[in-house]
Amino acid sequence: MVFSTMFSSTLNLAISSTTNSSRRRVSNTSSRRGVNSMRIRASSTEKGESKEKDQDDKSSFNPFGFVTDNPSSRSAIQLPETPADDGNVGQMIDRIQDKGKEYGSYVKSGKLRWFVRETGSAKSRRGTIVFLHGAPTQSFSYRVVMSQLSDLGFHCYAPDWIGFGFSDKPQPGYGFDYTEKEFHDALDKLLEVLGVESPFFLVVQGFLVGSYGLTWALKNSSKISKLAILNTPLTSSSPLPGLFQQLKIPLFGEFQSQNAIIAERFIEAGSPYVLKNEKADVYRLPYLASSGPGFAILAAARKANFKGTFNEIAEGFATNRWDKPILLAWGLSDKYLPQSVAEEFQNGNPQNIKLKLIEGAGHMPQEDWPEKVTDAFRVFF
């Protein structure tokens, strides 16, 4: 009875009217430019996108504040005094379902269907870059960087990991169980289907599946020529955000995984900026449209050995174990991972790891300040 009451009240909060929205300051640096490629014609509509500072965002994660503590949702998931005038969840999904698929298409790999973004051409003169995102987000975060790098002559791929974004989300235990090995094996098959030739450039960012991108690199070093790492847990001292701790709690984890704004809330809590609603729509859509992505991240988080993986990464990329160039591009305003994590990781292999600090960017520099990320990649790659 207690759990039922709590669940009901929270759902009511999620669709209640939130008329007292917080004021935000908006810094608009928008500009547009075209992107030409041999295989995909794409135009970046978000270069220099406006960034909004969240003056009221709290560092603590409140699982019951579905809407009211999430700046981008205060004016997005809400109903007026007469709810019938604003439609239902199905109509909300219909409104946003075509958003966020820039440069993307579906690719079948075995029994799994991946959503993969691509810019540039296989004949691009400067080589291929594969971008891997972290949890609980998706490859959408790389769209601007990919567009800009294809202009510079690179061929870029960015898949949504299985269980995330627009890729398939099998029910755990039915064809995919969200273990580290399964993620590695699925990525191997995808790269083969895409025809990615080795060695290629690899970019990794984020928690959980982001970490699996790095452990995959350790097992496949011969396939990589250079590695770029954005804010990612890299040492045993890396803090674990409350979200992943909460997902491991019985019953509460199931409840938390079905939070429709889990991704955007995680992004904003780790950044100095607030997502614009058109971006938040894309990160929200998979979790709003289905229970699948919530149960996927729940299964992945419960099977993950976070601290063990952090140790494996620190040791695997240390001196005498990894001899290829690494660029560590680090957002200084990351509220999850302090600068000390990046410095400790660099100290483990100073000859091969170059640290580039990105001022003004948080946990996802590619979303917060893509132009600075592109500049760093252009020089490194």
Side-chain angles (χ1 to χ4, degrees), residues 35 42 44-52 54 72 96 99-104 114-119 129-150 154 156-167 201-214 228-233 241 243 261-287 293 297 327 329-331 333-337 358 360-377:
V35 178
S44 172
T45 59
E46 302 188 37
K47 179 186 176 184
E49 297 175 28
S50 59
K51 304 175 177 65
E52 300 177 339
D54 174 19
S72 67
I96 64 178
K99 290 185 177 182
K101 295 187 176 181
E102 291 91 337
Y103 327 138
W114 295 69
F115 183 79
V116 183
R117 300 175 196 273
E118 180 184 10
T119 60
I129 308 175
V130 175
F131 297 83
L132 299 177
H133 69 85
T137 64
Q138 52 174 290
S139 64
F140 178 70
S141 64
Y142 288 116
R143 66 203 176 280
V144 180
V145 173
M146 291 177 65
S147 172
Q148 294 172 348
L149 287 173
S150 66
F154 291 97
C156 303
Y157 283 117
D160 287 346
W161 283 105
I162 296 299
F164 295 84
F166 299 108
S167 289
F201 304 127
L202 180 65
V203 177
V204 176
Q205 186 272 329
F207 284 89
L208 192 53
V209 285
S211 295
Y212 292 165
L214 291 180
I229 304 173
L230 300 172
N231 297 53
T232 302
L243 169 62
I261 59 172
I262 187 174
E264 66 190 86
R265 182 63 182 91
F266 184 82
I267 294 169
E268 290 181 342
S271 168
Y273 306 108
V274 173
L275 288 171
K276 291 179 66 67
N277 283 333
E278 55 265 30
K279 298 180 188 178
D281 278 345
V282 180
Y283 289 111
R284 180 186 309 129
L285 178 58
Y287 297 93
I297 191 174
L327 172 66
W330 200 264
S333 298
D334 189 339
K335 298 178 184 179
Y336 296 128
L337 297 169
I358 302 180
H363 181 63
M364 292 174 60
Q366 72 272 32
E367 181 69 77
D368 289 344
W369 215 306
E371 297 85 359
K372 289 186 178 182
V373 173
T374 298
D375 286 343
F377 287 173

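Position 1 is the first residue of the sequence; numbering continues from there.
- Atom CG in Asp334 sits 11.0 Å away from atom CD1 in Ile358 (nearest 0.5 Å).
- The minimum heavy-atom distance linking Ala329 with Pro365 is given by the pair O-CG, 4.5 Å.
- Remark: the backbone N or O of His133 is paired with a side-chain donor or acceptor of Trp161 at under 3.5 angstrom.
- Look at Lys335 and Glu268 and you find no salt bridge, because none of the NZ, NE, NH1 or NH2 atoms lies under 4.0 Å from a carboxylate O.
- At a threshold of 4.5 Å between non-hydrogen side-chain atoms, the residues Arg143 and Gln366 do not count as touching.
- Looking at heavy atoms from C-beta onward, Leu132 lies out of side-chain contact with Val203 at the 4.5 angstrom threshold.
- Not a single donor-acceptor pair under 3.5 Å links the side chain of Ser211 to the backbone N or O of Phe207.
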Derivation and outcome, salt bridge (charged side-chain N to carboxylate O under 4.0 Å, His left out), residues Lys279 and Glu264: CA-CA 9 Å; Lys279 298 180 188 178; Glu264 66 190 86; over 6 Å; no
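- Ser271 contributes no side-chain N or O that, together with a main-chain N or O of Gly362, makes up a donor-acceptor pair within less than 3.5 Å.
- A distance of 7.0 Å separates CG in Asn277 from CZ in Arg284, rounded to the nearest 0.5 Å.
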Residues Asp375, Lys372; criterion salt bridge (charged side-chain N to carboxylate O under 4.0 Å, His left out); working and verdict: CA-CA 5 Å; Asp375 286 343; Lys372 289 186 178 182; over 6 Å; no
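- Scored by the ring pair (Phe, Tyr, Trp, His ring centres under 6.0 Å) test, Phe115 finds Tyr106, Phe166 as partners (sequence neighbours excluded).
- Within the 4.5 Å cutoff, side-chain heavy atoms of Ile267 are placed close to those of Thr137.
- With sequence neighbours left out, the side chain to side chain donor-acceptor pair (under 3.5 Å) criterion links Ser139 to Arg117, Asp160.
- Of all the heavy atoms in Pro136 and Ile297, the pair that sits closest is CB-CD1, 3.3 Å.
- Looking only at side-chain heavy atoms (C-beta outward), Leu285 and Lys99 stay at 4.5 Å or farther from each other.
- In this structure, the side chain of Thr119 engages the main chain of Met146 through a donor-acceptor pair within 3.5 Å.
- Using a distance-only test at 3.5 Å, with no hydrogens or angles considered, a donor-acceptor pair links the side chain of Tyr336 to the main chain of Phe266.
- In plain terms, the two heavy atoms of Thr232 and Gly206 that are nearest each other are OG1-N, 3.0 Å.
- The shortest non-hydrogen separation linking Pro272 to Gly360 is CG-O, 3.8 Å.
- One distance of note links CD of Gln138 with OH of Tyr287; it measures 8.0 Å at 0.5 Å rounding.
- Between Ile229 and Trp330, the closest side-chain pair of non-hydrogen atoms is not below 4.5 Å.
- You'll find the side chain of Phe201 stays beyond 4.5 Å of the side chain of Val130, heavy atoms only.
- Residues Phe131 and Leu202 form no side-chain contact, since every pair of their non-hydrogen atoms from C-beta on lies 4.5 Å or further apart.
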Check against side chain to side chain contact (heavy atoms under 4.5 Å, CB included), Glu118 and Tyr103: CA-CA 5 Å; Glu118 180 184 10; Tyr103 327 138; 5.7 Å; no
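- For the atom pair CG of Leu149 and CZ of Phe377, the computed distance is 7.5 Å after rounding to the nearest 0.5 Å.
- One distance of note links CG of Leu214 with CD of Gln205; it measures 10.5 Å at 0.5 Å rounding.
- Tyr142 has its side chain within reach of Leu230: a pair of non-hydrogen atoms, C-beta onward, lies under 4.5 Å apart.
- Here the side chain of Asn231 pairs a donor or acceptor atom with the backbone of Gly331 at under 3.5 angstrom.
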